[in-house]
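This chain uses plain numbering: 1 for the first residue, then up along the sequence. Quantities reported herein were computed from a predicted structural model and do not represent experimental measurements.
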Amino acid sequence: MTEDDTLAPPSSAGSKASEISARSNEPEQRARVSQGPSDACENAKEPRRIVRSRRSRWITFRRLILFVVGVLFACLVALGTSFFSFVATLNTAPMDELRSADGIVVFTGGRERITNSLSLLAEGKAKRLLISGVHPETTAEQISRLTERKMALFQCCVDLDRRARDTIGNAAETAAWAHKNEFKSIVVVTSAYHMPRALTELQALLPDVEIIPNPVFHEGLDLRHWYLEGETTKLLLREFVKYTLVRVRVSWNALL
């Protein structure tokens with residue numbers, strides 16, 4: 001046996017193993033060859049998809065921002081319009097002639113309000129007067145001296161309400177007083193800027209009673225040119241916010 005003969009079988013076995021291995025890898029190679037172009041296309045399209053996705057999210061976000069800004073702007077316009085309408089409803093001149101009623105109610109908040117209501121009572125514009133929101137320790141005698149009115153008027157025809165602490169309380173005590181006296185009409189005395197809120201509260205509690213406003217115009221408070229004075233503007237803005245909240249509450253209660 002020659003050296004070539006002894007080495008021949010291993011060489012033949014190795015070639016067979018290589019052939020088997022090559023055949024076993026043929027499907028994988030074919031798959032790679034067949035999938036190669038599509039993978040390349042997918043890889044090329046992936047950045048475009050990312051860009052389109054980011055662009056879509058940005059467009060959606062921008063639309064959302066524009067929508068929110070639009071809603072806020074519409075709200076501001078609506079509030080501004082309502083504010084100017086509110087200011088326009090304020091009487092800018094005292095009433096020339098006030099017709100008579102069954103009773104008069106004044107919401108405390110200044111000497112001018114009480115003085116005005118007592119003058120109306122003395123003129124015979126009503127049978128009785130309710131001063132709503134009097135401090136618990138304040139007496140009729142003190143009010144008489146402060147307003148320079150005779151005590152006989154208080155003893156005859158003036159009632160003091162010491163329970164009310166705010167406009168809601170004023171309205172509640174006025175409603176109870178009007179019902180107790182069976183009044184069909186009342187004159188309301190309060191500051192001009194406060195009148196819309198007072199009327200809203202009273203009309204909700206006294207739908208069958210005629211309510212006649214008699215606004216008081218305070219000296220030094222120019223409602224005609226409110227925009228020229230910062231303090232007057234702040235006062236009207238605060239009152240407008242309170243008035244708006246009262247309207248919302250009254251409207252909501254009416255639906256319940």
Side-chain angles (χ1 to χ4, degrees), residues 90-91 94-95 98-219 221 235 238-239 241-243 245-247 249-250 253-254:
L90 302 179
N91 293 322
M95 299 179 65
L98 181 71
R99 64 180 183 272
S100 300
D102 294 331
I104 301 171
V105 60
V106 56
F107 291 176
T108 56
R111 178 178 176 178
E112 292 173 275
R113 298 185 188 183
I114 299 176
T115 301
N116 182 284
S117 63
L118 288 169
S119 297
L120 294 176
L121 181 64
E123 294 171 8
K125 294 296 183 181
K127 306 171 186 176
R128 297 195 67 82
L129 165 65
L130 172 66
I131 303 178
S132 179
V134 177
H135 191 276
E137 298 180 1
T138 301
T139 63
E141 290 78 7
Q142 291 173 325
I143 299 175
S144 174
R145 289 195 299 270
L146 179 66
T147 58
E148 299 179 353
R149 291 287 177 176
K150 295 181 179 180
M151 270 302 300
L153 186 63
F154 284 83
Q155 295 170 350
C156 161
C157 313
V158 177
D159 299 312
L160 302 182
D161 157 43
R162 294 185 172 87
R163 295 182 179 179
R165 294 292 180 269
D166 51 25
T167 305
I168 296 175
N170 292 143
E173 294 301 320
T174 300
W177 177 74
H179 288 145
K180 177 182 177 181
N181 292 279
E182 299 182 349
F183 289 160
K184 299 300 181 182
S185 61
I186 58 174
V187 174
V188 179
V189 180
T190 188
S191 300
Y193 64 84
H194 181 240
M195 186 62 73
R197 182 157 58 104
L199 292 179
T200 302
E201 295 281 10
L202 287 170
Q203 288 166 351
L205 298 178
L206 296 170
D208 299 327
V209 176
E210 181 185 8
I211 300 175
I212 306 169
N214 186 68
V216 175
F217 296 86
H218 300 279
E219 185 178 354
L221 186 62
L235 173 66
R238 286 195 299 267
E239 188 59 34
V241 171
K242 294 178 182 180
Y243 168 67
L245 293 176
V246 168
R247 288 189 60 185
R249 174 172 53 78
V250 169
N253 290 339

Applying side-chain contact (heavy atoms from CB on, under 4.5 Å) to Asp159 and Lys180, what does each step give before you reach the verdict?
CA-CA 12 Å; Asp159 299 312; Lys180 177 182 177 181; over 6 Å; no
Between Thr200 and Tyr243, is any pair of side-chain heavy atoms under 4.5 Å apart?
yes
The reported gap from CG in Leu205 to OG1 in Thr174 (rounded to nearest 0.5 angstrom) is 9.0 Å
Quick check on side-chain contact (heavy atoms from CB on, under 4.5 Å): which of Leu118, Ile114, Leu120 does Asn116 satisfy it with?
Leu120
With side-chain contact (heavy atoms from CB on, under 4.5 Å) as the criterion, how do Phe183 and Leu130 come out once you've worked through the C-alpha distance, each side chain's angles and the decisive distance to 0.1 Å?
CA-CA 12 Å; Phe183 289 160; Leu130 172 66; over 6 Å; no
With rounding to the nearest 0.5 angstrom, report the CG to CZ distance, Leu121 to Arg128.
8.5 Å
Parallel, tilted or perpendicular, judged at 30° and 60°: which one describes the rings of Tyr193 and His218?
tilted
Test item: Asp166 side-chain N/O and Ile168 main-chain N/O as donor-acceptor pair under 3.5 Å:
yes
Quick check for you: to the nearest 0.5 Å, what is the distance between Arg162 atom CZ and Ser132 atom OG?
12.0 Å
Would you say the side chain of Glu182 lies within less than 4.5 Å of the side chain of Asp102, judging by non-hydrogen atoms?
no
side-chain contact (heavy atoms from CB on, under 4.5 Å) evaluation trace for Leu206 with Ile186
CA-CA 10 Å; Leu206 296 170; Ile186 58 174; 4.0 Å; yes
Taking atom types as modelled, is there a side-chain donor on Thr190 or Arg113 under 3.5 Å from an acceptor on the other?
yes
Is there a side-chain contact between Arg99 and Ile212, using heavy atoms and a 4.5 Å cut-off?
yes
Euclidean distance, Ser100 OG relative to Glu123 CD, rounded to 0.5 Å:
9.5 Å
Interatomic distance, CG@Leu245 vs NZ@Lys242, rounded to 0.5 Å, equals 10.0 Å
Give a yes or no answer on whether the side chain of Arg197 reaches the backbone of Met195 with a donor-acceptor pair at less than 3.5 Å.
no
Check whether any side-chain heavy atom of Leu221 lies under 4.5 Å from a side-chain heavy atom of Leu235, and answer yes or no.
yes
Distance col, row Glu137:CD vs Gln142:CD, nearest 0.5 angstrom, shows 9.0 Å
Evaluate the side-chain proximity of Glu201 to Asn170: yes if any heavy-atom separation is below 4.5 Å, no if none is.
no
For a side-chain contact (heavy atoms from CB on, under 4.5 Å) check, start with the C-alpha distance between Arg149 and Ser119, then their side-chain angles and the critical distance, and finish with the verdict.
CA-CA 9 Å; Arg149 291 287 177 176; Ser119 297; 2.9 Å; yes
State, with a plain yes or no, whether a side-chain heavy atom of Thr167 is found less than 4.5 Å away from one of His194.
yes
Is there a side-chain contact between Phe154 and Thr147 (heavy atoms, below 4.5 Å)?
yes
Would you check if Leu90 and Pro196 make a side-chain contact, meaning some heavy-atom pair closer than 4.5 Å?
yes
